[in-house]
Amino acid sequence: MTKSELIERLSDEHEMLNKKDAEAIINLIFGGIGNALADGDRVEIRGFGSFSVREREAREARNPKSGELVKIPSRKTPFFKTGKELRERVDE
């Protein structure tokens with residue numbers, strides 16, 4: 001499901017919401033999650049999962065084309081861990 005499909009479904013299921021309002025709600029939720037992660041916070045949605053930021057250590061890798069060693073700096077990456085209820089729904 002894409003973001004536009006989610007907006008469409010939200011506006012269809014709730015007659016009082018037009019597409020513009022549904023889009024604002026979706027953008028507010030995703031923006032809030034993104035801002036919290038950018039600030040280094042953790043976001044937990046009960047029954048769905050949790051979003052956090054993990055630090056990846058600096059390392060050396062090889063360029064597959066030339067075989068040359070390349071240094072990769074440390075960086076932060078977003079991480080999602082599914083909640084128990086979501087895992088059970090998907091496993092059915």
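We count residues from 1, following the sequence as given. All values derive from a computational prediction rather than experimental measurement.
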List the atom of I7, the atom of A22, and the distance in Å for their closest heavy-atom pair.
O-CB, 3.8 Å

Report yes or no: does N35 contribute a side-chain atom to a donor-acceptor pair with the main-chain N or O of G31 at less than 3.5 Å?
yes

Donor-acceptor pair, side chain of D41 and main chain of L37, under 3.5 angstrom
no

Heavy-atom donor-acceptor pair, R62 side chain to G67 backbone, under 3.5 Å
yes

Is any side-chain heavy atom of L10 less than 4.5 Å from a side-chain heavy atom of D21?
no

Counting heavy atoms not belonging to E15, are there more than 12 under 6.0 Å from its CD?
no

Before you tell me yes or no, could you show the steps for M1 and R9 under side chain to side chain contact (heavy atoms under 4.5 Å, CB included), namely the whole-Å CA-CA distance, both residues' side-chain angles and the distance that decides it to 0.1 Å?
CA-CA 10 Å; M1 176 179 284; R9 186 168 176 185; 3.6 Å; yes

Less than 4.5 Å apart, any side-chain heavy atom of K76 and any of R56?
no

Any sub-3.5 Å donor-acceptor pair from N18's side-chain atoms to K20's backbone N or O?
yes

Within a 6.0 Å radius of atom CD on E57, are there more than 12 heavy atoms belonging to other residues, nucleotides or ligands?
no

Sequence neighbours left out, what pairs pass side-chain hydrogen bond (donor to acceptor under 3.5 Å, both in side chains) with at least one residue falling in residues 83-92?
T82-R87

Which distance, rounded to the nearest 0.5 Å, do you find between the CD1 of I25 and the CZ of F30?
12.0 Å

Taking atom OG of S50 and atom CZ of F79, what is their separation to the nearest 0.5 Å?
7.5 Å

When hydrophobic residues are tied together by side-chain contacts of less than 4.5 Å, even through go-betweens, does L28 share a cluster with F48?
no

State plainly whether one hydrophobic cluster holds both F80 and I33, where clusters connect Ile, Leu, Val, Met, Phe, Trp and Tyr through side-chain heavy atoms under 4.5 angstrom apart.
yes

Is the shortest side-chain N to carboxylate O distance from E44 to R46 below 4.0 Å?
yes

Determine whether more than 12 heavy atoms belonging to other residues, nucleotides or ligands lie under 6.0 Å from atom CZ of R42.
yes

For S74 and E55, run side chain to side chain contact (heavy atoms under 4.5 Å, CB included): C-alpha distance rounded to whole Å, both residues' side-chain angles, the deciding distance at 0.1 Å, then the answer.
CA-CA 7 Å; S74 66; E55 180 96 22; 3.7 Å; yes

Kindly indicate, with the supporting measurements, whether the criterion side chain to side chain contact (heavy atoms under 4.5 Å, CB included) is fulfilled by V70 and E60.
CA-CA 6 Å; V70 178; E60 286 187 349; over 6 Å; no

If Ile, Leu, Val, Met, Phe, Trp and Tyr residues are connected whenever their side-chain heavy atoms lie under 4.5 Å apart, and connections chain through other members, are L86 and L6 in the same group?
yes

